[in-house]
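Report on one structure; see the data block that follows.
Given the structure is predicted, the values throughout are model-derived calculations rather than measurements. So you know, we letter chains A, B, ... as the sequences are listed, proteins then strands, and number each from 1. Basis for what follows: all heavy atoms, side chains included, without hydrogens, waters or symmetry-related copies.
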Amino acid sequence: MNMYNLKQEKVSDFIVHLQKYGEVIAPHPIGDASYSFSTVTNPNTVELDYNRTIQSIKKYFFPPREKLLSYSTVSNQYEKVELKAEPRIFLGVHSYDMQAVLKLDFNFSQGNPELNYLKRRENTTFIGVSYSSDKYHFGRSVGIPVEELNGFDLFLRKNKSGFTIIVVTEKGEKLLKKFSLPEESENTPENSIEFSTQIKINYNRLPELFEHAWDSPVWESVSKKCVGCGTCNLVCPTCYCFNVEDDVDLSLKNGTRDRHWDGCMLNSFAAVAGGENFRESLGERQRHRIYRKFKYISDITGEPWCVGCGRCIVACTAGISIVDIVNQLKEEYEQTHLTKSTHQHEWAG
Amino acid sequence: MSKNLDIMVKHLTRVEGHGNIVVNMKDGVLEKAQLDIVEAPRYFEAMLKGRSFHEAAIITSRICGICSLGHQMTSLKATEDALGLEISTQTELLRKLLVNGATIQSNILHIYFLVAPDLFGAPSVFPLIPTHTDVILRALRMKRMANDIGDVVSGRAVHPITPVPGGFTKIPSVGELKEIRRQLVEDGIPDMKATAELLASVAGGIPDFTRETEYISLKHADEYALYDGEIYSSDTGGTPDKNYLEMTNEFIVSHSTSKHCKHNRSSYMVGALARWNNNNDRLCYNALQVADTMGLMPHCYNPYMNTIAQAVETLHCIEDSIAIIDTLLERGLKNEKPNQDPTRYGKGIGSNEVPRGILYHEYEYDRTGNIVTANCIIPTGQNLANIDDDMKKLVPEIMDQSKEDITLKLEMLVRAYDPCISCSVHLLNVEFVE
Amino acid sequence: MSEFIYQEQPPAELYYPEIAEITQVKQFTELEKWYEITLPNGRNLGHQPGQFVQVSLFGIGEAPISITSSPTKKGAFELCVRNVGMLTDKLHQLDVGSKIGIRGPFGQGFDMDALQGKDVLIIGGGIGIVPLRSPINYIIDNREDFGRLIICYGAKSPNELLYRDELALWESDPGIEYHVTVDNGTPDWKGNVGVITRLFPRLDLDLKNTIAAVVGPPIMYKFALMALKTKGLPDENIYLSLERRMKCGVGKCGHCQINHSYVCQEGPVYHYPDIKNLPEAI
Amino acid sequence: MAKPKVAFFDFTSCEGCQLNKLNLENHILDVLEHIDIVEFREAMDDKADEYDIAFIEGSISTPTCVERIHDIRRRTKVLIALGSCAAIGGINSMKNLQPIESVREAVYGEDKYLFPTLPAIPVSAIVKVDYEIHGCPMSIPEFLKIFKSLVMGKAPIKPDSPVCVECKLKENECLYERGMVCLGPITRSGCDAICPSFGQFCTGCRGVIPNADKHAMTDILLRHGLSTDEARKRLLMFNSYVSDEMIN
Ligand SMILES: Cc1cc2nc3c(=O)[nH]c(=O)nc-3n(C[C@H](O)[C@H](O)[C@H](O)COP(=O)(O)OP(=O)(O)OC[C@H]3O[C@@H](n4cnc5c(N)ncnc54)[C@H](O)[C@@H]3O)c2cc1C
Ligand code: SF4
Ligand code: SF4
Ligand code: SF4
């Protein structure tokens, strides 16, 4: 694996160089203390040392609001939307967000592969960056260390004077060809940070835990704190549910069919005409959300479908934490089921 | 002459809020000539009690959707005065820009949508759409431009969002301000000049009626006072705004549903005409030019000319807004946080010229930053006594005319004041005996 | 690894409907209308009984509607729609010649091959008869391939019975054992009164060789399944169709998800043993 | 098809929603293509006897209001409550929280007994309301959306998700991150989170979503530094009419 040295003061030049290969999208500070991915217009405003962005890069492949088609109500004809795949380089992506993209790739390509997503995924290059965890990250607990390189083309490992660029793919190597960088002389050690927040059970065991968690009283107790605002769904990099609505212009003659993100925590997500709601209570909805992260898809793929970014924990104004929920489930399960069982030793995380 | 006359205009149209005109004349003797207010009382001062300083302006903005910005500005000034919150120059400039925007939008609405139908002899603006399309489009364009100032600087023209005690929750971008400036220069000034020409062409329809009265408005040494200044009476001169109660002297009258005000005489006038009479020397050159073309002279005592005074100051507001934006851009926009750390707790007064005249809010805060008492005095309330006095002089002067004509002139008189009856802070709820 | 590997088949434009024409309309009841829909050039929809399409009206939206005709009908297909909301209301205002969008057919229907040679017991509650009419007509059209055809149909009242012309045919057809009941009778109603399960005791079934297809409102499943159990019909012999909210019909939007199962993909017709223990399903 | 006859009426309110309709500048001519405005006191003199659609602005707060709204209901096919005052009581209903005597005394002093007043209530408390357009003021995009639905003859969709959803779709920094408290988590969406987008907390002007968990919301406010009394006041600013449900 080739490694190069990128001094902090050369980062801006590097970004300018990358811009020759396509639109560069990187984290920028917004608001008082938040970050957001956006197109780089001024390399000096890019912030590579950040905790997490409000939304993940999912928004570039599966936009929050998206036109599916435009139509005429008079002629009943419609026009397709043009899906573009201009080259885009995502710079400064954390490993959990990369993994989340790979998971969405699975969701959008299995069964009926969806062009809208997959077209936007073409022509993309990912350059990762290491991060230091705060009290909300828990990547390791779901099998995603800070320097998980899978998915990236290049990876920027933070070192004392800037970054060590780790070349992951040939495509990544090519990007560096015309930008002369010294090879890294000595190996900077991997940033193997400890995550202060942890799920107290090995992720391999999560499916097993969730075999038994359905009737747990934890759901009810968590739901008492929850307002059902759906924020946890709407910031999650691996949530991809959506709603579709038609809109017409004021002439009432032309309109668009649009989709926008939806969430299973919201009121009418599972409601049908006539008033039946198949997940009426917040406890049921919370359970569905968590099961979708740790069981429903995981049963097929063998991986947790949560990437440990901590966004849902940060964003929840009620202070509900997916990590706490899992840990409570574990504890509760151990107490009620395993005390009688002989397999207790297996549960050591 | 022994004439009998009974006029009752119920729910006067094309004014903001509900009012009735009542005139009774018996054997040539005027028994009654007054504007009754039938708006339901809303008790804002009571609702403010116990509310935090973060909430006061949000609530008082809802006193009146038409002058929501004015109420908000006045409320913020009162709160800042009470809590000792200094505001930055940038904040002050942005607020002045907002006040200009609100003045432009309200005056345009009044001129084109509420008064113009009278001057064109139409029952409303809608029939004018096919016959005077360009005029209507111009009116809409000007209103949109004014509302854009509100939308960009305060988030929303009605019940603005960003102005809070001590500053703004969001500062507009350079690009947004430049776009507003472009609109003001490219559309605003020519449209306003065209408006003045239009008004000059129909000015013959403005009734010839004068009654000298006391004119009260803000006055400022260096500028046409809208946001800042001391209280000024054409009779008695200037006084600081802490003396506002001496200027307003609210009292309850048996024949009316609303508290009336008086100062040096039995009534006084506030609003564009008062501002014109007190401050016309502070207007920009172009505004004075168009005043001339429309026949508005200093010391004008014809209340119907209030509409013309509105047009004049609108042009001033447009030019002043351009100047403010230039200053803001020159200084460079700073992403300032609002200053919300009180340095004292107590009483504070805010005054501000809103389109219909001078507006006062006074609050007293306790040590937790919650309101103990509140008082708001709105311009329309101040004008009511003056409207009645005008009617009393006007009716005998025109009593030879047909009842329809008299009624129309009375309606036009009330509309000229641009009364905003929705600000029903002080309005009483009395059932009428008709 | 930015060129990814999961694709089993090329990505497709999933959300573009095909513009079809309404070629026949019949008002069944106050709430239900029946439509014949013809695709461009009379192309066959190519569906399985029990599948559904997404009906699309521009400016209004889309709604999943079961195909009520049998695939043995060629050149056009049929829908029966209850007016309950936005799209269905607008659809009810449309007449012959109107254009509507169609996506689909979607989902899993009844496996008619697996039913060959079996006795088929159809249990339809209310609008549940709509999707069931497809296998019924399929069996009628391929009568010799199947054993007995037993139809139990329950409606709230006689006025709410759908396909009345056909019901009369079923009733008189010696090849069909037809039972009908209504919750609330009317003076001129001579038939059974009571919930649908009241029809079951009288059925004489060859339990091993009978396959039941059950469709009805959520509340009906609980009682119908219980009654079939009492009757002794093995769970393996039961198929049923579930209704959920759906937006995309192609397993993406998430609304129809029950547990791990997307109703629009693995359903709406399920083999009962597959969902018997699936929480939230029934 | 004949154009629907539309009328606008105002009750106890600030008339901001009326003004906002006139603020449709860019759209107003298109809107007028589809309807005939037959009554709109603020803009015209005409009156009509019957309407297809009546828009009602403002709360009901006097005996005269009650009579008038019954009368309008009788004469219109569709009745729409426009804006918070009409839809949920809005800011006017804040006065309901205090004993009516002290409210009147605060404003009128010793003259208070001259002036009777009722609590301020939403239109739906008196007559059947077909649709509600929320917001203080009602949002123009939402008004247009509902307007289009009505003219197309389809039932308007009433959003039942909270403001947070729209806020997150816009990737706003959450105001709780800035040390503010916000009613977005339980307030009905449809405004495109305009206040949080402009850095100001959501005041709850659009009313609460169905099934909102008010206990949980109160806990959130307490967690973020409000006292019980402050939390209660914040929650009730626009929602006093539903106070029984809200206070716990
Ligand atoms: C597999 C399947 C087959 C169906 N077959 C038929 C049929 O043959 N005939 C028939 O009359 N009805 C059928 N339905 C029910 C029908 O889809 C709903 O009645 C219809 O979606 C209501 O739409 P609306 O716009 O008229 O109602 P609204 O109440 O206005 O719908 C509002 C929104 O809720 C959603 N929604 C409401 N109910 C449902 C629902 N049940 N499923 C999915 N989304 C929903 C719609 O997407 C719509 O956007 C079927 C439903 C499913 C899932
Ligand atoms: S569930 Fe929460 S922590 Fe996990 S990926 Fe989603 S937002 Fe991140
Ligand atoms: S700012 Fe308010 S509306 Fe936006 S996410 Fe935070 S709590 Fe929700
Ligand atoms: S964000 Fe809240 S206060 Fe602002 S308009 Fe929306 S609902 Fe009203």
Side-chain angles (χ1 to χ4, degrees), chain A residues 29-38 53-56 59 63-65 73 222-236 239 243 245-253 255 260-263 265-269 271 277 280-282 285 311-312 314-320, chain D residues 24 26-34 141 144-145 147-149 151-154 157-189 199 208-221 223-224:
Chain A
I30 63 162
D32 281 6
S34 302
Y35 301 92
S36 165
F37 276 101
S38 54
T53 49
I54 300 175
Q55 293 290 358
S56 71
K59 66 182 182 182
R65 294 180 191 278
T73 56
V222 169
S223 79
K224 285 217 171 82
K225 278 171 78 183
C226 173
V227 279
C229 68
T231 294
C232 48
N233 293 136
L234 291 150
V235 295
C236 179
C239 273
N243 204 352
E245 273 178 63
D246 279 24
D247 192 17
V248 289
D249 67 15
L250 258 179
S251 73
L252 309 183
K253 293 188 182 109
H260 57 84
W261 296 351
D262 203 346
M265 293 301 295
L266 298 170
N267 265 327
S268 50
F269 187 79
N277 190 337
E280 188 91 59
S281 79
L282 282 172
R285 293 185 213 162
R311 285 189 178 90
C312 58
V314 180
C316 180
T317 52
I320 293 170
Chain D
L24 288 165
N26 297 343
H27 307 295
I28 203 155
L29 299 184
D30 294 327
V31 167
L32 293 173
E33 286 281 300
H34 300 296
L144 289 176
K145 209 169 159 184
F147 175 83
K148 287 181 291 194
S149 289
V151 183
M152 285 170 77
K154 76 176 193 193
I157 302 179
K158 185 162 168 166
D160 66 356
S161 58
V163 174
C164 287
V165 170
E166 294 174 330
C167 199
K168 284 286 166 278
L169 290 189
K170 292 170 92 176
E171 205 178 358
N172 291 333
E173 179 181 56
C174 180
L175 295 169
Y176 282 91
E177 291 279 305
R178 297 194 194 172
M180 296 165 84
V181 297
C182 174
L183 296 189
I186 56 160
T187 301
R188 192 186 291 278
S189 62
V208 287
I209 50 167
N211 313 321
D213 192 324
K214 298 107 191 176
H215 301 268
M217 188 65 224
T218 308
D219 286 348
I220 291 176
L221 297 178
R223 258 170 59 88
H224 290 86

- What part of A/Y35 is in contact with chain D, defined as an atom under 4.5 angstrom from a non-hydrogen atom: side chain, backbone, both or neither? backbone
Any chance you could measure [X], atom [atom1], to [Y], atom [atom2], to the nearest 0.5 Å?
X: A/I320; Y: D/I220; atom1: CD1; atom2: CD1; answer: 8.0 Å
X: D/C167; Y: A/L234; atom1: SG; atom2: CG; answer: 10.5 Å
X: D/D219; Y: A/K224; atom1: CG; atom2: NZ; answer: 11.5 Å
X: D/N211; Y: A/L266; atom1: CG; atom2: CG; answer: 11.5 Å

- Query: Considering residues, nucleotides and ligands other than A/K253, do more than 12 of their heavy atoms fall under 6.0 Å from its NZ?
  - Reply: no
Taking all non-hydrogen atoms of both residues into account, name the closest pair between [X] and [Y] and its distance.
X: D/A216; Y: A/C226; value: CB-O, 3.6 Å
X: D/N172; Y: A/I54; value: O-CD1, 3.6 Å
X: D/K145; Y: A/E245; value: NZ-OE1, 3.3 Å
X: A/V227; Y: D/D213; value: CG1-O, 3.8 Å
X: D/M152; Y: A/V248; value: SD-CG2, 3.5 Å
X: A/S34; Y: D/E177; value: OG-OE1, 4.3 Å

- Task: Under 4.5 Å, counting heavy-atom pairs only, tell me which of A/S223, A/G263, A/P63, A/S268 racks up the most with chain D.
- Result: A/S268
- If you count heavy-atom pairs under 4.5 Å with chain D, which of A/A315, A/G228, A/G319 comes out on top? A/G319
Can you tell me which portion of [X] sits under 4.5 Å from chain A's heavy atoms? Options are side chain, backbone, both or neither.
X: D/L144; result: side chain
X: D/K170; result: neither
X: D/E33; result: neither

- Item | Donor-acceptor pair, side chain of A/N267 and main chain of D/P210, under 3.5 angstrom | yes
- Can you check whether A/L250's main-chain N or O pairs, donor with acceptor, with D/H34's side chain at less than 3.5 Å? yes
- Message: The criterion is salt bridge (charged side-chain N to carboxylate O under 4.0 Å, His left out); which residues satisfy it with D/R178, sequence neighbours excluded?
- Response: D/E173
- Note on the structure: Residues passing the salt bridge (charged side-chain N to carboxylate O under 4.0 Å, His left out) test with D/D160, sequence neighbours excluded, are none
- D/K148 pairs by salt bridge (charged side-chain N to carboxylate O under 4.0 Å, His left out) with which of A/D246, A/D247, A/D249? A/D247
